[in-house]
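Read the numbers this way: they start at 1 and go in the same order the structure lists the ligands and their atoms. Computation of the quantities below employed the complete heavy-atom set of this structure, encompassing side-chain atoms and omitting hydrogens, waters and symmetry-equivalent molecules.
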Amino acid sequence: MLDRARRLMTPSARSDVPPFIVMDVIAAATKIEAAGGRVVHMEVGQPAAPAPKTAIEAARAALSGHIGYTESLGIWPLRERIARHYHETYGVEVSPERVIVTTGSSAGFILAFLSMFEAGDRVAIASPGYPPYRHILTALGCEPVLIETTAATRFAITGDMLRAAHAEKKLSGILVASPANPTGTMMTPEALADLINVAEELGVKFISDEIYHGLDYAMPAETAVRLSENALVINSFSKYFCMTGWRVGWIVAPEPLIRPIDRLQGNLAISVPTLSQIAAAAAFDGRAEMDEVKHGYEENRRILLEGLPKIGFDKFLPVDGAFYLYADVSKFTDDSFDFASRMLQEAGVATTPGVDFDPEHGRHRLRFSYARSADDMREAVDRIGNWLRTR
Ligand SMILES: Cc1ncc(COP(=O)(O)O)c(C=O)c1O
């Protein structure tokens, strides 16, 4: 019976994408907790705080009404509110027509890639980088082209690097994030502007993942919306607004892509969950509450920047934004996966090994997420310090 099913239902080659390793770490941590153990969670890239009260109240009020489908592009009040956010936050005018509501930025990537690229197109992304970029591109038949980044460019792709990669073999697109995951590094406004100019000169389509905007500490984050009407921008309510599980995000699309994305979303999903869209529109009224959460991350960042060097983690990338610190652990190990597993089992601190983000150098790197409480950060530093002394 099983044999027959295996013969009939062979999975497609395109579905053979690697798993997201952090999910395995979360599963191992959950097992320890189920057995009564204590784990400090620094592996998960999500806020511990709930959604803004304004969002929760709006969703509660809407529940008693009819929750039907919405327009594929999203409810107009939310599209308008997001457009206004660009005026309020960056001083840039955006037509609500260009704003498309998506099921988290994750669905935004699928819609962006499908509307911009053909199967076989090559798309540049930075390494280290967020694993689903390459896995989604691969599943859609595109080719992710990893461009190695270093401290010399604050772990960002530069115009010169893009020119060199394009000259080697033609690229169709480039995707960048600032602040970035896993590095937590940011591009200066000048670096972003230069890269967009070079991409446009080469005819390479530009995507900016701005999901960590609002969580910037070293410098204010610049939006690609200001720099070019031809860049496609992806954002989300998951991080700054602490709404990961609500699954709502948005695209600011160049005008020629609005209708294609409308058609794609209508066919692929009909529309984004209605309750989440209503909550998201109200989330903007909860900014004061979310700024408090951000101040908490700033305190966590301060605790780690002070505490980690004292226990031996003295090499890490600039901790510019998001809620990640990407540490070099080469003086402790050649195998960050094994190191992270032992740190979890023996010290009770869960982190994510760099191999998830960088097949090349990740075995020397570890990502710490500092999205939880200040007490958790202090406990983690103590636990790791004691563990390193006794191992
Ligand atoms: C850089 C980056 N982009 C996109 C996402 C996807 O987030 P969501 O689909 O919740 O908007 C994440 C999630 O961790 C991320 O780190």
Side-chain angles (χ1 to χ4, degrees), residues 17 19-23 25-26 41-51 55 74 78 82 99-113 123 125-137 139 144 146 149 155-157 174-187 192 207-216 221 223-224 232-252 265 268-269 272-273 276-277 279-280 283 290 297 317 320-326 351-352 354 356-358 367-372:
V17 291
F20 198 3
I21 293 174
V22 69
M23 295 302 176
V25 180
I26 294 169
H41 289 277
M42 301 186 80
E43 81 284 28
V44 202
Q46 72 170 338
L78 176 56
I82 292 170
V99 177
I100 299 165
V101 183
T102 59
T103 308
S105 65
S106 299
F109 296 128
I110 299 172
L111 294 167
F113 298 161
V123 181
I125 47 181
S127 182
Y130 178 59
Y133 296 152
R134 47 181 206 274
H135 302 162
I136 298 171
L137 282 166
L146 302 192
T149 59
F155 292 86
I157 300 174
I174 175 168
L175 187 168
V176 301
S178 167
N181 177 10
T183 57
T185 51
M186 291 177 65
M187 298 175 79
L192 185 64
I207 303 174
S208 178
D209 177 2
E210 302 186 352
I211 185 170
Y212 290 104
H213 276 216
L215 303 178
D216 40 5
T223 176
L232 181 140
V233 170
I234 297 181
N235 206 324
S236 173
F237 288 88
S238 288
K239 308 294 171 160
Y240 172 80
F241 287 106
C242 302
M243 293 177 71
T244 46
W246 295 75
R247 309 307 302 129
V248 57
W250 73 87
I251 289 175
V252 179
Q265 179 137 277
L268 291 174
V272 172
S276 297
Q277 295 191 57
M290 294 299 104
Y297 302 147
L317 274 47
D320 293 337
F323 31 59
Y324 302 117
L325 182 148
Y326 202 51
T351 54
T352 307
D356 218 5
F357 313 103
D358 180 353
R367 187 192 75 175
F368 292 88
S369 167
Y370 53 89
R372 294 176 91 99

Ser238, portion touching ligand 1 at heavy-atom distance under 4.0 Å: side chain
Without hydrogens or angle criteria, can the side chains of Ser369 and Glu43 be said to hold a donor-acceptor pair below 3.5 Å? no
For atom 9 (O) of ligand 1, find the nearest protein heavy atom and state the residue, atom name and distance (0.1 Å precision). Ser106 OG, 2.5 Å
Which atoms form the tightest heavy-atom contact between Arg367 and Pro182, and what is the distance? CD-CB, 3.6 Å
What part of Phe237, side chain from CB on, backbone N/CA/C/O, both or neither, has a heavy atom under 4.0 Å from ligand 1? neither
Which atom of Ile211 lies closest to which atom of Ser105, heavy atoms considered: CD1-OG, 3.6 Å
Looking only at N/O atoms, are Asp209 and ligand 1 under 3.5 Å apart anywhere? yes
Test your reading of the structure: does Thr103 have an N or O sitting under 3.5 Å from an N or O of ligand 1? no
List the closest protein heavy-atom neighbour of atom 14 (O) of ligand 1: residue, atom name, distance to the nearest 0.1 Å. Lys239 NZ, 2.7 Å
Stepwise ring-ring contact (aromatic ring centres under 6.0 Å, His included) test for Phe237 and Trp250: CA-CA 8 Å; Phe237 288 88; Trp250 73 87; 5.1 Å; yes
Which of the numbered atoms in ligand 1 are below 4.0 angstrom from a heavy atom of Arg247? 8 (P), 9 (O), 10 (O)
Among Phe357, Trp246, Tyr130, Trp250, closest by any non-hydrogen atom to atom 12 (C) of ligand 1: Tyr130
Ligand 1 atoms in contact with Phe109 (distance to a heavy atom under 4.0 Å): 3 (N), 4 (C)
Please check if any side-chain donor atom of Tyr212 sits under 3.5 Å from a side-chain acceptor atom of Tyr240, or the reverse. no
Quick one: which of Val44, Leu175, Ile211 has a heavy atom closest to atom 7 (O) of ligand 1? Ile211
What residue and atom, counting heavy atoms only, is the protein's closest point to atom 4 (C) of ligand 1, and at what distance? Ser105 OG, 3.2 Å
Heteroatom distance test (Asn181, ligand 1): nitrogen or oxygen, under 3.5 angstrom: yes
Plane angle bin for Tyr326 and Phe357 - parallel if under 30°, tilted between 30 and 60°, otherwise perpendicular: perpendicular
Expected output: side-chain Lys239 to main-chain Phe323 donor-acceptor under 3.5 Å: no
Which ligand 1 atoms, with their elements, are less than 4.0 angstrom from a heavy-atom of Gly104? 9 (O), 11 (O)
Could you tell me whether the side chains of Asp209 and Tyr133 share a donor-acceptor contact shorter than 3.5 Å? yes
Backbone, side chain, both or neither: what part of Ser236 comes under 4.0 angstrom of ligand 1, heavy atoms only? side chain
